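The structure under discussion appears below in the form of structure tokens.
This structure is a prediction, so every number in the text was calculated from the model and none was measured.
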Amino acid sequence: MRRGILLYGPPAAGKDTITSALAELDGQYTPFTRLKIGTGKTQGYRMGTPAQLAILEARGDVIYRNDRYGNIYVVDRPGLDQAMEGGRTPVVHLGQMEGMEQVTAHFPAYWVRVLLWCSKETTARRSSHRGDTDTAARLAVWDATRADLADHPQAHWELRVDTDVTAPREAAQRIDDIICATSTHS
């Protein structure tokens, strides 16, 4: 069975850092690059056009779409299929419970769901240190993420990680341990 990792959490909770630690631990872990239609940061995204999005939507290949920071971000079936080629394990970053639900419901795979959390103060500090120009917007999203999580008290997590006190390599190892316990992954 195909496998993937869903990292859920507020901005600057450590999704990129833990994904990098996973890739260092095992080359089978690969960041899933969401399709982005819009402007701004391009690193870590597959940049697309409104026409490409319309084609994906017409084919029913949009698994999850969210509009944030004036852009459209998409988790798409062809992108996930490609990310899982050769037995690779994609790491998908999500900040909305609806996205978690859509991916697990509409893309058959064994999904390891990980809640990454940090304080709002940590989000502010990390956002500033990485050069974000929209830290205020990211703090508003931190509040929205906390409310989203509170609205889903029955959410199932294979792992919860407080990134204020857990090193990225330790978090990656704990995620890898879960994958290894449920597969023949090496």
Side-chain angles (χ1 to χ4, degrees), residues 4-23 30-80 82-83 90-107 111 113-152 155 157 161-164 168 171:
I5 299 166
L6 299 174
L7 298 182
Y8 172 89
K15 293 181 286 289
D16 285 335
T17 305
I18 290 170
T19 299
S20 294
L22 279 162
T30 184
F32 175 72
T33 52
R34 286 181 292 164
L35 185 64
K36 178 180 179 180
I37 293 86
T39 60
K41 179 182 169 186
T42 59
Q43 184 178 353
Y45 297 102
R46 292 176 289 131
M47 298 305 292
T49 65
Q52 288 171 307
L53 176 60
I55 291 168
L56 286 169
E57 289 176 328
R59 291 181 183 157
D61 282 337
V62 172
I63 295 170
Y64 178 65
R65 168 191 169 155
N66 73 304
D67 298 53
R68 185 156 280 167
Y69 308 121
N71 298 301
I72 300 168
Y73 302 90
V74 176
V75 177
D76 61 308
R77 189 173 320 283
L80 281 174
Q82 183 178 13
V91 182
V92 181
H93 299 178
L94 291 166
Q96 304 80 28
M97 289 302 300
E98 180 185 358
M100 300 286 289
E101 294 165 352
Q102 293 296 313
V103 172
T104 57
H106 298 293
F107 193 88
W111 291 104
R113 292 161 292 213
V114 180
L115 170 61
L116 301 179
W117 200 256
C118 66
S119 68
K120 190 173 184 179
E121 294 75 23
T122 296
T123 288
R125 187 179 69 254
R126 289 176 181 169
S127 179
S128 175
H129 286 196
R130 69 185 187 188
D132 292 340
T133 58
D134 58 353
T135 297
R138 292 177 190 278
L139 292 174
V141 172
W142 187 97
D143 290 330
T145 305
R146 181 177 59 183
D148 188 32
L149 192 56
D151 288 343
H152 295 85
W157 306 102
V161 178
D162 179 346
T163 64
D164 281 329

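- Contact between P78 and L56 at its shortest, heavy atoms only, is CG-CD2, 3.9 Å.
- Judged by distance alone, with hydrogens and angles left aside, the side-chain atoms of D164 form a donor-acceptor pair with the main-chain N or O of S119 at under 3.5 Å.
- Note that OG1 of T104 is 7.0 Å distant from CG of L6, once rounded to the nearest 0.5 Å.
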Kindly determine whether L115 and Y8 satisfy side-chain contact (heavy atoms from CB on, under 4.5 Å), including the steps that lead there.
CA-CA 5 Å; L115 170 61; Y8 172 89; 3.5 Å; yes
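- Taking each heavy atom of W157 and L149 in turn, the nearest pair found is CZ2-CD1, 3.7 Å.
- Checking side-chain atoms of R77 against main-chain N and O of H106 turns up a donor-acceptor pair under 3.5 Å.
- Taken to the nearest 0.5 Å, the NE2 atom of H93 stands 2.5 Å off from the OG1 atom of T19.
- Residue T123 comes nearest to P11 through the heavy atom pair OG1-O, 2.8 Å, listed as atom of the first residue, atom of the second, then distance.
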Given side-chain contact (heavy atoms from CB on, under 4.5 Å), test I72 with D67 step by step and report yes or no.
CA-CA 4 Å; I72 300 168; D67 298 53; 3.5 Å; yes
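- Counting heavy atoms from C-beta on, the side chains of F32 and I5 never come closer than 4.5 Å.
- Looking only at side-chain heavy atoms (C-beta outward), R146 and K120 stay at 4.5 Å or farther from each other.
- Rounding to the nearest 0.5 Å gives a distance of 13.5 Å between OG1 of T39 and OH of Y69.
- Not one N or O on the side chain of T33 forms a donor-acceptor pair closer than 3.5 Å with the backbone of G44.
- Once rounded to the nearest 0.5 Å, the distance linking CZ of R34 with CG of L94 reads 6.5 Å.
- Minimum interatomic distance between K36 and K41 (heavy atoms only, all atoms of both residues): NZ-O, 2.6 Å.
- More than 12 heavy atoms of other shown residues, nucleotides or ligands fall within 6.0 angstrom of atom CZ in R68.
- A distance-only check finds no donor-acceptor pair linking the side chain of Q82 to the backbone of G79 [under 3.5 Å].
- With sequence neighbours left out, the ring-ring contact (aromatic ring centres under 6.0 Å, His included) criterion links Y64 to no other residue.
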Hey, mind stepping through T17 and T163 against side-chain contact (heavy atoms from CB on, under 4.5 Å) and telling me if it holds?
CA-CA 10 Å; T17 305; T163 64; over 6 Å; no
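- At distances below 3.5 Å, at least one donor-acceptor pair connects side-chain atoms of K15 with backbone N or O atoms of G9.
- Taking CD of E57 as the reference point, atom CG of D61 lies at 10.5 Å (rounded to 0.5 Å).
- In this structure, F107 and V75 have side chains that are not in contact, with every pair of non-hydrogen atoms separated by 4.5 Å or more.
- For P168 against I18, the heavy-atom pair with the smallest separation is CA-CG1, 4.1 Å.
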What do the steps show when you test L80 against I63 for side-chain contact (heavy atoms from CB on, under 4.5 Å), and what is the final call?
CA-CA 10 Å; L80 281 174; I63 295 170; 3.7 Å; yes
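- Ion pairing of R126 with D132 is absent here, as no side-chain N (NZ or NE/NH1/NH2) approaches a carboxylate O to less than 4.0 Å.
- Panel note: side chain W142, backbone E121; no donor-acceptor pair is recorded below 3.5 Å.
- Nearest heavy-atom pair, A13 versus C118, reported as atom, atom and distance to 0.1 Å: CA-SG, 3.7 Å.
- Separation of atoms CD (Q102) and CZ (R65) is listed at 13.0 Å; rounding is to 0.5 Å.
- A distance-only check finds a donor-acceptor pair linking the side chain of S20 to the backbone of D16 [under 3.5 Å].
- Under the side chain to side chain donor-acceptor pair (under 3.5 Å) test applied with S127, the options T133, T135, T122, D134 reduce to a single match, T135.
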